[in-house]
Amino acid sequence: QVQLVESGGGLVQAGGSLGLACAASGRSFSSYAMGWFRQAPGKEREFVAAISRGGGSTGYADSVKGRFTISRDNAKNTVYLQMDSLKPEDTAVYFCAASTFPGVVVLTYKFNFWGQGTQVTVSS
């Protein structure tokens with residue numbers, strides 16, 4: 001069992017940057033692959049970025065590739081999402097999630113635990 005709490009959301013102008021963090025409590029954080037997802041009003045939850053258990057492999061949605069960076073610090077039980085060159089279409093609630101599957105996990109149903117989400121709003 002792992003509990004996830006996101007932080008760092010807020011309001012930013014287009015072209016700006018924002019960093020999200022997701023702190024995990026519970027045992028064996030390093031045994032979970034981690035991911036970030038987002039959900040805009042009226043839309044389905046979508047994959048944003050993912051990182052393997054040890055942090056050596058990452059994956060990104062095409063819409064954020066080159067602008068967002070996922071990382072993790074297993075000593076601090078925390079996964080991060082650095083978001084640069086933000087666009088209004090990045091506006092959404094951002095969720096972090098933990099998966100017991102190996103590798104870089106991108107499918108929603110493969111994630112066992114979810115945070116409560118943090119709002120990111122990008123103004124034009």
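One-based numbering along the sequence shown.
- Met34 and Phe113 fall within the same hydrophobic cluster, defined by Ile, Leu, Val, Met, Phe, Trp and Tyr side-chain heavy atoms under 4.5 Å apart, directly or through other members.
- No continuous path of hydrophobic side-chain contacts links Ile51 to Tyr80 [ILVMFWY only; heavy atoms under 4.5 Å].
- Trp114 has its side chain within reach of Thr108: a pair of non-hydrogen atoms, C-beta onward, lies under 4.5 Å apart.
- Residue Arg38 holds its CZ atom at 8.0 Å from CD of Glu89, rounded to the nearest 0.5 Å.
- Note: Phe111 and Phe37 meet the aromatic proximity criterion, with ring centroids under 6.0 Å apart.
- For the pair Lys110 and Phe101, the cation-pi criterion (under 6.0 Å, within 45° of the ring axis) is fulfilled.
- The shortest non-hydrogen separation linking Gly59 to Val104 is N-CG1, 3.8 Å.
- Taking the side chain as every heavy atom from C-beta outward, Leu20 and Val120 approach each other to under 4.5 Å.
- A distance of 8.0 Å separates CG of Leu18 from CD of Gln82, quoted to the nearest 0.5 Å.
- Across all their heavy atoms, Ala49 and Leu81 have their closest contact at CB-CD1, 4.1 Å.
- Remark: side-chain polar atoms of Ser52 are paired, donor with acceptor, to backbone N or O of Ser57 under 3.5 angstrom.
- Annotation for Val122 and Thr91: closest pair N-OG1, 2.9 Å, computed over non-hydrogen atoms.
- In this structure, Arg45 forms a cation-pi arrangement with Phe95, its terminal cationic atom sitting closer than 6.0 Å to the ring centre and no more than 45° off the ring axis.
- Between the side chains of Asn112 and Thr100, at least one donor N or O sits under 3.5 Å from an acceptor N or O.
- Linking ILVMFWY side-chain heavy atoms closer than 4.5 Å, directly or via other members, places Leu86 and Phe47 in two distinct hydrophobic clusters.
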Asp73 vs Thr78, side-chain hydrogen bond (donor to acceptor under 3.5 Å, both in side chains): CA-CA, chis, key distance, verdict: CA-CA 5 Å; Asp73 186 338; Thr78 302; over 6 Å; no

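- If you take SG on Cys22 and CD on Glu6, they are separated by 5.0 Å, rounding to the nearest 0.5 Å.
- One hydrophobic cluster, built from ILVMFWY side chains closer than 4.5 Å, holds both Met83 and Val12.
- Ser123 and Gln13 are not linked by any side-chain donor-acceptor pair at a separation below 3.5 angstrom, with hydrogens and angles left out of the test.
- In this structure, Tyr94 and Phe68 have tilted ring planes: the angle between them lies in the 30° to 60° band.
- Residues Ala40 and Ala92 share a closest heavy-atom pair of N-CB, 3.8 Å.
- Across Gln116 and Leu4, no two heavy atoms sit closer than the pair OE1-O, 3.6 Å.
- The CZ atom of Arg53 sits 6.5 Å away from the OG atom of Ser31 when rounded to the nearest 0.5 Å.
- Judged by the 6.0 Å and 45° rule, Arg72 forms a cation-pi pair with Phe29.
- Salt bridge absent: Lys87 and Asp90 never bring a charged side-chain N and a carboxylate O closer than 4.0 Å.
- Among all heavy-atom pairs drawn from Val105 and Ala33, the shortest one is CG2-CB, 3.8 Å.
- By the rule that hydrophobic residues join a cluster once side-chain heavy atoms approach within less than 4.5 Å of another member, Val106 and Ile70 end up as members of separate clusters.
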